[in-house]
Amino acid sequence: MNNRINGIHHITAIAANAQRNYDFYTKVLGLRMVKKTVNFDDPGTYHFYFGNETGTPGTILTFFPWEGIVKGRTGTGMATEIDYSVPAGSLPFWADRFKRSNIVHGQEGERLGELYLPFEDPDGLKLNLVVSKNSDNRRPWTTADVGEQAAAKGFHGITLTLKNIRPTAGILTDVFGYKQTEQEGNRYRFVTDAVEGASIVDLVEAPEMMIGHVAGGTNHHVAFRVQDDNILMEYREKILGRGLNITPKINRDYFFSLYFREPGGVLFELATDNPGFTVDEPLNQLGSALKLPVQHEHLRAKIEQQLPSLQQ
Ligand code: ZN
């Protein structure tokens with residue numbers, strides 16, 4: 001029985017156009033769409049999940065494509081950079097691919113002893129491809145264009161930008177079991193040894209920066225991974241014990257969730273491994289059909305009419 005926080009479960013961000021979002025993550029970045037569903041709280045909007053073959057926690061980036069939503073603003077109190085782990089030697093391949101696909105990207109750089117390539121998705125969401133200095137044996141999803149020598153293995157970590165890192169650091173170390181390992185400038189790295197990959201949270205302290213605005217091209221929340229819903233509820237008690245508000249257990253069909261706002265302002269979720277993405281369609285068909293939660297199934301005709309068409 002593993003009762004730890006096993007790194008990142010998924011990250012959820014906001015896009016302004018479903019087709020553009022789908023094309024970028026599946027075609028340019030070469031991820032698998034593992035689930036096509038709707039926002040359970042707003043079923044007129046898609047909810048896309050991109051990950052590896054099975055949608056293993058730690059590989060899943062999800063989007064609410066709210067058509068035409070205004071662009072958000074990067075700032076404090078939000079997750080500001082998503083890091084994907086890629087194989088050593090693959091960054092030139094990616095820089096060339098981004099250039100040919102007209103994707104906004106920077107130069108290869110080094111941060112905390114790791115080579116990385118910064119880029120933006122079509123909504124301006126900030127991501128990095130990082131060559132981890134630690135081993136990462138996770139098997140990537142591959143496509144005809146993006147083979148095993150270059151494919152993203154899943155998350156490396158996430159950056160949160162904060163006015164003051166201390167309250168958030170307290171949650172990571174005292175509740176989640178992370179340890180602070182390194183620092184570079186105003187970037188403080190926290191790592192868990194509970195899992196290989198998706199194990200890093202970087203806290204960037206930026207007291208002068210404006211508070212961020214969560215909208216198009218920004219991150220909505222970060223979900224951390226627990227083994228099952230019994231462990232989930234143990235963490236609910238721990239969060240309540242810190243004097244923070246937290247939701248009841250919510251059934252997200254593919255996992256069970258709790259949500260709370262950590263003291264630095266970032267929306268955190270805790271999410272379970274069970275039951276996973278094969279609960280309502282076979283592995284070889286993940287992401288191919290529109291899946292609706294049972295409470296919205298009776299509205300299927302209306303929802304399908306309302307959602308923008310998507311060429312897969
Ligand atoms: Zn979530």
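Ligands are counted one by one from 1 in listed order, and the atoms in each one are counted from 1 as well.
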- Query: Within less than 2.8 Å of the Zn ion (ligand 1), any N, O or S from His9?
  - Reply: no
- Query: Below 6.0 angstrom between ring centroids: does that apply to Phe48 and Phe63?
  - Reply: no
- What atom name does the N, O or S atom of Glu269 nearest to the Zn ion (ligand 1) carry? OE1
- Message: Within the 4.5 Å heavy-atom criterion, are Glu269 and Phe255 side-chain neighbours or not?
- Response: yes
- Query: Counting backbone and side-chain atoms alike, does His10 have an N/O/S atom under 2.8 Å from the Zn ion (ligand 1)?
  - Reply: yes
- Query: Salt bridge or not for Lys133 and Glu182, using N-O below 4.0 Å?
  - Reply: yes
- Are Leu162 and Phe260 joined in one hydrophobic group, where the rule is that I, L, V, M, F, W and Y side chains link up if heavy atoms are under 4.5 Å apart? yes
